[in-house]
Amino acid sequence: MAQALELITGRLPVIAAAILVCAAAYLLPRLANLVRLYNIPVVGKEIGGEEKRRNAYLAGARKLYNDGYKKFKDTAFRISTSRTSSVIVLPPKYLPELSKLPDTVLSMTAAVDESMETKYLKIDTYIPVVPHLITRQLTPALIRLNPMISREVSELLKIEIPPSDDWKEYNAHDKLLRIITQVSGRLFVGPELSRNETYIDTAINYTMDVMKGQRAVQKMRPWKRPFMVSKMPEIKNLYKRIDEADAFLAPLVTLRKKMTSEGFEGERPDDMLQWLIDAQEKFDDPVSRDTAKVQLGLTFAAIHTTTLTAMNAFYNLAASQEFVGVLRQEIEQVLADNDGLFTSRALQAMKKLDSFLKETLRMNPATMAAFQRKVLQPFSLTNGQQIPAGVTVEVPAVAVNFDPTIFPEPERFDPLRFTKVVEQAAGSEGTKFAALNQFVSVNQNSLTFGYGRHACPGRFFAANEIKMLIGHTVLHYDIKLVDGVSDRYPNLEFAHMSIPDPSKNLLFRKRTT
Ligand code: HEM
Ligand SMILES: *[C@@H]1O[C@H](CO)[C@@H](O)[C@H](O)[C@H]1NC(C)=O
Ligand SMILES: *[C@@H]1O[C@H](CO)[C@@H](O)[C@H](O)[C@H]1NC(C)=O
């Protein structure tokens, strides 16, 4: 005993030094990180301290993003948000250099996991097979599937909004959500389930359930979360939803596997479910192999994003009656040249429709900040600013969209803004401009679909779906805002979100002119 004590005291300086070294190794990078962080200026100082700035952000962050963008121009700035980590806003001019950084430095998944509290929800945000299937299968398949998608859109429009001689009022959100869920479902799970109410309910409500779970977790004090979360009704509900999805997809998967196994001679189903069954073996992560989770992940990424964009477009259309006529003319003309079908070629030729939708995205971006990434390792911008690990970075998309040096008269909704830009650029410039100014274009001035290697892979499908939805609507219906209202329904803004008001109705009737 005494010997042991002696041994320890004898070595005390060594142990103390070791502890010091360990502490320094632990603290110094953190200290360095803090120094880097506090070297970055803050937007909204005039509002007051951290808490006040956070509340200003939650009430609607548009002004903060605009102020920071103007004030700091070429440098990074900090913004107080509802995130647990600090957030640094970066000027879009750094996007090309940022997109070169590997996922081990800038992580999209880690950013999503943090904001969604996925650790507690036990849902999976990284499902490798999903972007793979969208990019390798869905997008190239659009050329052959467009006529089918168009038929689906047309049929579902008639079912959900039966053409009537009198004006009839419908809740825009409910109707568009149901149509988009079923059209997308036709490509995701196939014709067996896409119009089944159980499927529709799951595809729609899963996202809501995730959001409810996320809010419930965020309301709970962090130290309680590890013990209490799984007992919360919102979380139990989410797990129940996943089990249900599993239960009703399983028989179809079994059937498909049996049907398409050896000796199968019929027509192979042409949808995500089948492509998934065929590709699954190549993926060894457990989530890619879990058909229900893949399907739920898909609906999470696809359904509400597309619906919100379509709602914004419908509200803009209903508020600009003269433009309805312009669109009809273009669409009829193009269809006449394409055997009456919404083929890929026809969609390409509907330039005014594309410009209208792009202007919709510019005026009404669903989120004010784009390219949200968690910083896993510190790095420097080419202007010398150091970005510490542990923060989240993002780009102020909303400020870019309303920058008058990029988009003259940015407050004006000009549906033909992007066709004019292309027409005004002559010759080879024209081709370059055309590529930069499409609805699906992703670049420093078009950030609604993100940027870089994780930019939305589903945007080509979403674009076609929304175009067909608008196309069939103007061909077969008159549409307007409810009586007594002449201005577009304003979006609801909170924190970094701007969403079309889901409580509003639109009037539809069978086309008269
Ligand atoms: C108009 C509708 C849509 C909008 C506004 C939208 C927006 C976005 C955004 C902002 C991102 C993040 C990109 C980044 O941070 O760089 C994203 C990613 C993603 N989106 Fe979309 N999206 C839409 C439709 C869809 C559809 C229809 C699908 C599926 C068919 C889809 C599948 C995905 C997937 C899988 C990712 C993750 C990509 C990755 O992990 O690399 N999205 N989307
Ligand atoms: C799904 O959501 C809708 C709208 O919020 C709700 O009316 C419906 O009851 C939900 N269904 C289930 C099974 O939770
Ligand atoms: C919807 O799908 C479920 C699960 O496969 C099935 O039990 C139900 O009968 C289907 N409903 C209709 C109307 O086909």
Side-chain angles (χ1 to χ4, degrees), residues 95 98-99 103 106-113 115 124-135 137-139 141-142 149 176 180-181 183-185 187-203 207 244-255 271-272 275 294-313 357-358 360-361 364-374 392-395 397 439-440 442-443 446-467 469 496 498-499:
L95 280 168
L98 293 170
S99 67
D103 290 6
L106 281 187
S107 166
M108 174 165 105
T109 313
V112 177
D113 282 342
S115 66
D124 303 277
T125 38
Y126 182 61
I127 315 178
V129 75
V130 169
H132 171 89
L133 285 180
I134 296 173
T135 307
Q137 303 272 8
L138 180 63
T139 305
L142 291 174
I149 303 174
L176 292 172
I180 286 164
T181 302
V183 174
S184 313
L187 276 113
F188 296 170
V189 289
E192 298 97 325
L193 283 179
S194 68
R195 296 192 190 182
N196 178 310
E197 289 298 335
T198 314
Y199 171 72
I200 298 172
D201 192 276
T202 304
T207 305
E244 279 169 9
D246 206 36
F248 81 75
L249 278 172
L252 180 58
V253 173
T254 312
L255 194 77
D271 49 44
M272 286 289 249
W275 306 329
V294 170
Q295 285 290 345
L296 290 172
L298 247 176
T299 58
F300 185 85
I303 306 282
H304 293 270
T305 45
T306 309
T307 301
L308 294 178
T309 306
M311 275 172 80
N312 276 321
L357 289 175
K358 189 167 184 67
T360 296
L361 279 188
N364 317 111
T367 100
M368 298 181 194
F371 194 77
Q372 292 186 319
R373 304 289 186 265
K374 184 108 191 194
T392 303
V393 292
E394 59 184 24
V395 173
F439 177 73
V440 293
V442 165
N443 53 60
S446 304
L447 295 164
T448 314
F449 290 113
Y451 187 94
R453 82 183 75 86
H454 293 293
C456 178
R459 64 191 193 275
F460 303 94
F461 169 57
N464 288 14
E465 194 177 12
I466 298 172
K467 284 177 183 181
L469 194 47
H496 61 292
S498 165
I499 61 160

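Only this structure's heavy atoms are used, side chains among them; waters, hydrogens and symmetry mates stay out. Just follow the structure's listing: the first ligand is 1, and inside any ligand the first atom is 1. Throughout, residue positions are numbered sequentially from 1 according to the sequence presented. Because the structure is a prediction, the values reported are computed rather than measured.
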### Task
Tell me which part of Met108 gets within contact of ligand 1: side chain, backbone, both or neither, using heavy atoms under 4.0 Å.
side chain
### Leu361, portion touching ligand 1 at heavy-atom distance under 4.0 Å
neither
Of all the atoms in ligand 1, which lie at a distance below 4.0 Å from a heavy atom belonging to [X]?
X      : answer
Val130 : 35 (C)
Ile134 : 29 (C), 30 (C), 32 (C), 35 (C)
Ala455 : 13 (C), 16 (O)

### Message
Within the supplied structure, the quantity of interest is the number of heavy atoms (other residues, nucleotides, ligands) at a distance under 6.0 Å from Tyr126 OH; does it exceed 12?
### Response
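Not buried by this count: 12 neighbours or fewer within 6.0 Å.
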### Side-chain donor/acceptor of Thr305 to backbone N/O of Ala302, under 3.5 Å
yes
### Query
Is the side chain of Ser446 donor-acceptor paired with the backbone N or O of Asn443 at a distance under 3.5 Å, no angle test?
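Here the side-chain-to-backbone pair does not exist.
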Evaluate the side-chain proximity of [Y] to [X]: yes if any heavy-atom separation is below 4.5 Å, no if none is.
X      : Y      : answer
Thr306 : Phe461 : no
Thr448 : Arg459 : no
Met108 : Thr125 : no
Asn196 : Phe248 : no
Leu298 : Leu133 : no

If you have a sec, work out which protein heavy atom is nearest [atom] and how many Å separate them, to one decimal?
atom                    : answer
atom 15 (O) of ligand 1 : Arg373 NH1, 2.8 Å
atom 1 (C) of ligand 1  : Thr309 OG1, 3.2 Å
atom 41 (O) of ligand 1 : His454 ND1, 2.6 Å
atom 10 (C) of ligand 1 : Thr448 O, 3.3 Å

### Query
Going from OG1 on Thr202 to CG on Leu296, what distance comes out if it is rounded to the nearest 0.5 angstrom?
7.5 Å
### Query
Which one of Thr306, Leu308, Val395, Thr139 has a non-hydrogen atom at the shortest distance from atom 2 (C) of ligand 1?
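Closest candidate by heavy-atom distance is Thr306.
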### Contact (N/O only, under 3.5 Å) between Tyr451 and ligand 1
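N/O-N/O distance below 3.5 Å exists for this pair.
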### Message
Pairs of nitrogen or oxygen atoms closer than 3.5 Å, one from Gln372 and one from ligand 1: do any exist?
### Response
no
### Query
Is the Lys NZ or Arg CZ of Arg195 less than 6.0 Å from the centre of Tyr199's six-membered ring, within 45° of the axis?
no
### Within the 4.0 Å heavy-atom sphere of ligand 3, strictly under, residues
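If the criterion is a heavy atom under 4.0 Å, then ligand 3 touches Leu193, Asn196, Phe248.
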### Summary
Distance filter < 2.8 Å from atom 21 (Fe) of ligand 1, protein N/O/S hits 1
Provide the closest heavy-atom pair for [X] versus [Y] in the form atom of the first, atom of the second, distance.
X      : Y      : answer
Leu469 : Leu176 : CD2-CD2, 3.8 Å
Gly452 : Ser99  : CA-CB, 4.2 Å
Trp275 : Gln137 : CE3-CB, 3.4 Å

### Query
Does the gap between the ring centers of Phe449 and Phe439 come in under 6.0 Å?
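Close enough - the centres of the two rings lie under 6.0 Å apart.
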### Message
Assess the residue pair Glu465 and Ser184 against the criterion (side chain to side chain donor-acceptor pair (under 3.5 Å)); give the C-alpha distance rounded to whole Å, side-chain angles, the decisive distance to 0.1 Å, and a yes or no.
### Response
CA-CA 8 Å; Glu465 194 177 12; Ser184 313; 2.8 Å; yes
